[in-house]
Amino acid sequence: EVKDFLTFYNFNILNYEANKIDDCFDRFIGDKSKFNEPEEEAGNQHIALYVVDLQKSAAFYRDVIGLDTIPEPFHDGKHAWFSMSEFSHVHIISRATAPTNHDKNNHLCFSVPSMDEFVSRLKKNNIQFENWAGEKGAIQTRVDGIKQIWFKDPDGYWIEINNDYH
C-alpha cells in the first residue's frame, strides 16, 4: 500500500498544493494513524529478581505466591524460573549478598481469585501483611472495589496481592 501510495503521490504531487498532500494521503490510503502504531503491542516477558537464598526464594514464589515452576536453560543451580502467565515469567537468580531495602512503590503485583484464601495461606506461613498505610493485618479496598495487601518476599522485594483476577 505504501509503495503504491508513493507512486501515486509522486505522479500527482504536481497537481496538489503543499497543503493538499494530507488530502491526497487520506483519499488514497485513509486513516494515517495506523502507520504510527506497531503491528503488535509490547508485553512483559519476564521480571528478574536477584536473591540471597535460591531455595528459600523458590519455595516462597512456588508455595506462598503459587507460581508454577518452568524449565530454565542454565541448569547451574543459580536460577529458578516461574510462570506468571503463558508468556510472562519471574526469574530468580542467586548470588545476592544480602536482602535489600525497597520502597513500597516498587513492587510486584499478583492477582488471586480469593483474597480470603490467600490471606489464610499467608497466616499459615507466618507471613505478615499490611495495607498501603502500613497497618499490620489490614486489607485495603481501592476506590474501584479491588482488595489489596502488601508484604515482602525473603529478599525484601515488596509484593502486592489483589483480587483483580481475570
Side-chain angles (χ1 to χ4, degrees), residues 1-3 29 31-166:
E1 282 185 5
V2 173
K3 181 180 177 189
I29 293 181
D31 183 13
K32 293 181 297 240
S33 67
K34 69 182 180 181
F35 290 98
N36 295 327
E37 297 176 13
E39 290 184 24
E40 295 183 19
E41 293 181 14
N44 180 308
Q45 199 276 330
H46 75 270
I47 295 169
L49 302 173
Y50 204 42
V51 303
V52 174
D53 185 327
L54 185 67
Q55 282 66 40
K56 185 176 182 179
S57 292
F60 175 85
Y61 284 95
R62 183 188 61 238
D63 302 335
V64 176
I65 303 298
L67 300 180
D68 292 327
T69 57
I70 58 174
E72 54 86 7
F74 303 105
H75 308 290
D76 59 3
K78 299 174 189 169
H79 299 82
W81 288 11
F82 299 89
S83 176
M84 290 189 291
S85 66
E86 185 177 0
F87 300 107
S88 187
H89 312 134
V90 172
H91 297 177
I92 57 174
I93 306 161
S94 66
R95 295 235 167 181
T97 56
T100 53
N101 196 19
H102 300 276
D103 188 281
K104 194 186 280 187
N105 285 300
N106 293 324
H107 60 270
L108 299 172
C109 180
F110 300 97
S111 295
V112 296
S114 170
M115 182 63 76
D116 292 336
E117 288 178 22
F118 192 84
V119 165
S120 294
R121 188 181 317 159
L122 290 178
K123 289 178 180 178
K124 178 182 165 193
N125 287 283
N126 296 314
I127 297 173
Q128 292 186 3
F129 63 92
E130 60 189 49
N131 65 10
W132 184 256
E135 288 179 69
K136 302 292 183 207
I139 298 173
Q140 178 164 321
T141 303
R142 258 181 2 202
V143 295
D144 59 358
I146 300 299
K147 294 181 179 185
Q148 303 169 285
I149 59 173
W150 286 264
F151 55 93
K152 290 184 178 184
D153 82 352
D155 287 272
Y157 294 104
W158 279 99
I159 307 290
E160 174 190 342
I161 299 292
N162 68 39
N163 67 342
D164 189 12
Y165 190 76
H166 301 280

| request: Answer yes if the ring centres of His102 and Trp158 are under 6.0 angstrom apart, and no otherwise. | output: no
| task | Search all heavy atoms of Phe118 against all heavy atoms of Ile161 and return the closest pair with its distance. | result | CE2-CG1, 3.4 Å
| task | Examine distances only and state if a side-chain atom of Asp103 and a backbone atom of Asn105 form a donor-acceptor pair shorter than 3.5 Å. | result | yes
| Any chance the side chains of Asp155 and Thr100 put a donor and an acceptor closer than 3.5 Å? | no
| field | Spacing of CG belonging to Leu108 relative to CG belonging to Asp153, to within rounding of 0.5 Å | value | 7.5 Å
| So which heavy atom on Tyr61 is nearest to which on Ile159, and how close? | OH-CD1, 3.6 Å
| message | Looking at Asn131 and Ile139, would you say the former's side chain and the latter's main chain have a donor-acceptor pair under 3.5 Å? | response | no
| task | Determine the minimum heavy-atom distance between Thr69 and Arg62, stating which atoms define it. | result | CG2-CD, 4.3 Å
| Could you walk me through whether Phe129 and Lys123 pass the side-chain contact (heavy atoms from CB on, under 4.5 Å) check? | CA-CA 9 Å; Phe129 63 92; Lys123 289 178 180 178; 4.3 Å; yes
| said: For the NE2 atom of His46 and the NE2 atom of His91, what is their distance to the nearest 0.5 Å? | reply: 5.0 Å
| field | Ring geometry between Trp81 and His89 (parallel below 30°, tilted from 30 to 60°, perpendicular above 60°) | value | parallel
| query | Minimum heavy-atom separation for Val52 to Pro99, with atom names? | reply | CG2-N, 3.6 Å
| query | Atom CH2 of Trp150 and atom CH2 of Trp132: how far apart are they, to the nearest 0.5 Å? | reply | 6.0 Å
| message | For Gln45, I'd like to know if atom CD has over 12 heavy atoms of other residues, nucleotides or ligands within 6.0 Å. | response | yes
| message | Quick one about Glu72 and His79 (side-chain donor to acceptor, distance below 3.5 Å, no hydrogens or angles considered), yes or no? | response | no
| query | If we only count heavy atoms from C-beta on, is the Met84 to Ile47 side-chain gap below 4.5 Å? | reply | yes
| Carboxylate-amine/guanidinium proximity below 4.0 Å for Glu130 and Lys104 | yes
| remark: In this structure, NZ of Lys147 is separated from OG of Ser111 (nearest 0.5 Å) by 14.0 Å
| query | Do Phe151 and Leu122 come close enough that some side-chain heavy atom pair is under 4.5 Å? | reply | yes
| Is there side-chain contact between Val119 and Ile149, with at least one heavy-atom pair below 4.5 Å? | yes
| request: Say whether Ser88 and Asn44, considering side chains only, have a donor N or O and an acceptor N or O under 3.5 Å apart. | output: yes
| query | Which heavy atom in Phe110 sits nearest to a heavy atom in Val90, and how many Å separate them? | reply | CZ-CG2, 4.3 Å
| request: Evaluate the criterion side-chain contact (heavy atoms from CB on, under 4.5 Å) for residue pair Ile127 and Phe60; output intermediate values, then yes/no. | output: CA-CA 10 Å; Ile127 297 173; Phe60 175 85; 3.9 Å; yes
| Hey, are the side chains of Ile146 and Thr141 touching, using non-hydrogen atoms and a 4.5 Å cut-off? | no
| request: Might you confirm whether atom CZ of Phe87 has over 12 heavy atoms from other residues, nucleotides or ligands at distances under 6.0 Å? | output: no
| said: Nearest 0.5 Å, please: how far is CD in Gln140 from CG in Asn162? | reply: 11.0 Å
| message | Applying side-chain contact (heavy atoms from CB on, under 4.5 Å) to Tyr50 and Arg95, what does each step give before you reach the verdict? | response | CA-CA 7 Å; Tyr50 204 42; Arg95 295 235 167 181; 3.4 Å; yes
| Distance from Asn163 atom CG to Arg142 atom CZ, nearest 0.5 Å? | 8.5 Å
| Where is the tightest heavy-atom contact between Ser83 and Leu67, given as atom of each residue plus distance? | O-CD2, 3.5 Å
